[in-house]
Amino acid sequence: MENIDYLIRGGIVVNSNFEKQADVAIQGEKIVAVTEPNTIKNAKEIIDASGCYVLPGAIDTHTHFEEPFQGCVPNEDWGAGTRAACIGGTTFVFNFVIQSKNLSLTEDIANHKARASALSYIDFNFHGVFTNLKDMESNLKEIEGIIDGGVSSFKEFMIYTEEGLAVDDWNLMLIMKEITKRGGILGVHAENCSIGENLTKAIAASGKIDAKYWPLAKPNFVEAEAVNRAFMIAEYTNSNIYIVHTSTHEAVDLIGKYKYGNNFFLETCPHYLTFTKDKYLDEDGKYQVISPPLRDKEDLEELWKGLANGRVSFIGSDHNAYGKESKDPGYAESGFMGVANGQPGVFEIITVVYNEGVRKNRIDMSRLVEITSTNAAKIFGIFPKKGIIAPGSDADIVIFDPNKKETLGFKWYEQADTSFYEGMEVVGFPKMTIVKGTVVAKEGKIIQKEPNGKFVPSTVRANMYQGIS
Ligand code: URP
Ligand code: ZN
Ligand code: ZN
């Protein structure tokens, strides 16, 4: 084989269906061979991966770069966010586009595409969120064009009345039916609106506004009831659906009743797999106010079991880099009611799933690859371009050193000042990240100075969701 740009030699290549000693050859932006060790002798550059895993880069299914939410604007732009992503081994994101006032969702997606195309270090796609809920007819008309334009996934909120985001059951049904008819999938933020919002207000009104009371405002029931309802509506309409940022053991139990792995899926986040609500007792608990809240050990363990047995299919970080300066004044005034929900997380996916999942014997390496990369690529229509180490696929690759000791925290981000993971010691950390055949990050630092991220259209069409576990 000639004209190989990079040969990754001596590592253990992991895909969702195997883990074996192999070498990987890269030409331009593509992988051109995955061979028995030492079969290819020559390349412009040899990368020594001995003692390391060679993994498909993580696909983060849930980021909020440059997205205002609850009156807060993240400090971080696409450039800073995706540089952190690269260092941590995340090589693709699906970012939310929450429709801005006075813009159609199509126009808003075009704006985000322009920003990301100019600044992102990794390839990307979007999930569209309709917020003009008063004109559902025009929303429904827009769906076909958005999907034809390459964005095939959407999200709607079942809660957040004051923010103007909460969609009622009728409109939820209309949206999911239309998206499915056009071959897309709807993600649902599942929390019971009336009970979730009124309970939150009642708890705050009783004076319990400290972060430690946040889980009481949105108990498991609030998520579970909405998940059940969303699933029932989706089953009635034979729609494609997934639940975003799943946090409860009840949701994992509920999906067992449906055709999960075909057109029903659960996404969860690394923080629900790592921490319990005890985190709210910490000094920096106020920064961990997110929706849904961190839960109990039972929930954490059932989410892991679901990831192991196929009921939970993929992982998104729910990355939101709101700074302290935006959270502290609101918290000082009105406790958890005054904190914009969200925390950074795009950087930690592979490291945390490795440490909490593989090192604790909850999953093996192939399943790590499946839930951090392959399943997302399949469900959101970018497979096999992404999500696998195979000839013809983009060379989005992480060389992961399972013995490297590191400490996590916001220092890994350029423009974040809080982290769920502050001070967490890990064993296992990315050594190098290659994005489309270019070494972008090495030993914890960015070495590629120019962004080269591009929009990758989703090719999902009806009946493509089959047999994903
Ligand atoms: O707390 C959260 N999850 N904030 C981000 C918005 C959302 O619901 O994804
Ligand atoms: Zn959400
Ligand atoms: Zn989110």
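Atoms within a ligand are numbered from 1 in the order they appear, just like the ligands themselves. Values in this document were obtained by computation on a predicted structure and should not be read as measured data. Hydrogens, waters and symmetry mates are skipped; everything else that's a heavy atom, side chains included, is used.
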If I consider every N, O or S atom in H62, which one ends up closest to the Zn ion (ligand 3)? I only need its name. NE2
Please report which non-hydrogen protein atom sits nearest to atom 8 (O) of ligand 1, along with the residue it belongs to and the distance in Å to one decimal place. H189 ND1, 2.9 Å
Which residue and non-hydrogen atom of the protein lie closest to atom 3 (N) of ligand 1, and at what distance in Å? D318 OD2, 2.6 Å
Verify the ring-centre separation between H319 and Y413: is it less than 6.0 angstrom? yes
Give the residue, atom name and distance (to 0.1 Å) of the protein heavy atom nearest atom 4 (N) of ligand 1. N341 O, 3.2 Å
Quick one: look up the protein heavy atom nearest atom 5 (C) of ligand 1 and list residue, atom name and how far away it is. N320 ND2, 3.1 Å
N/O/S from V244 sitting under 2.8 Å away from the Zn ion (ligand 2): no
For a side-chain contact (heavy atoms from CB on, under 4.5 Å) with F130, tell me which candidate from L140, N171, I143, V167 qualifies. I143
Please check: side-chain N/O of T407 versus main-chain N/O of E425, any donor-acceptor pairing under 3.5 Å? no
Could you tell me the angle subtended at the Zn ion (ligand 2) by ND1 of H189 and NE2 of H245, rounded to 10°? 90°
Indicate the ring-plane relationship of F157 and Y160, choosing parallel, tilted or perpendicular according to the 30° and 60° boundaries. perpendicular
Look at the rings of Y258 and F231 and say which category their plane angle falls in: under 30° parallel, 30 to 60° tilted, over 60° perpendicular. tilted
If the threshold is 4.0 Å, N to carboxylate O, is there a salt bridge linking D328 and K286? yes
Return the name of the atom in D318, of element N, O or S, nearest to the Zn ion (ligand 3). OD1
Atom 1 (O) of ligand 1: closest protein heavy atom, distance to 0.1 Å, is S291 N, 2.8 Å
Cationic N near anionic O, under 4.0 Å, E301 to K305: no
among protein heavy atoms, the one nearest atom 9 (O) of ligand 1 is K155 NZ, 2.8 Å
Contacting atoms of ligand 1, where contact means under 4.0 angstrom from a heavy atom of I290: 1 (O)
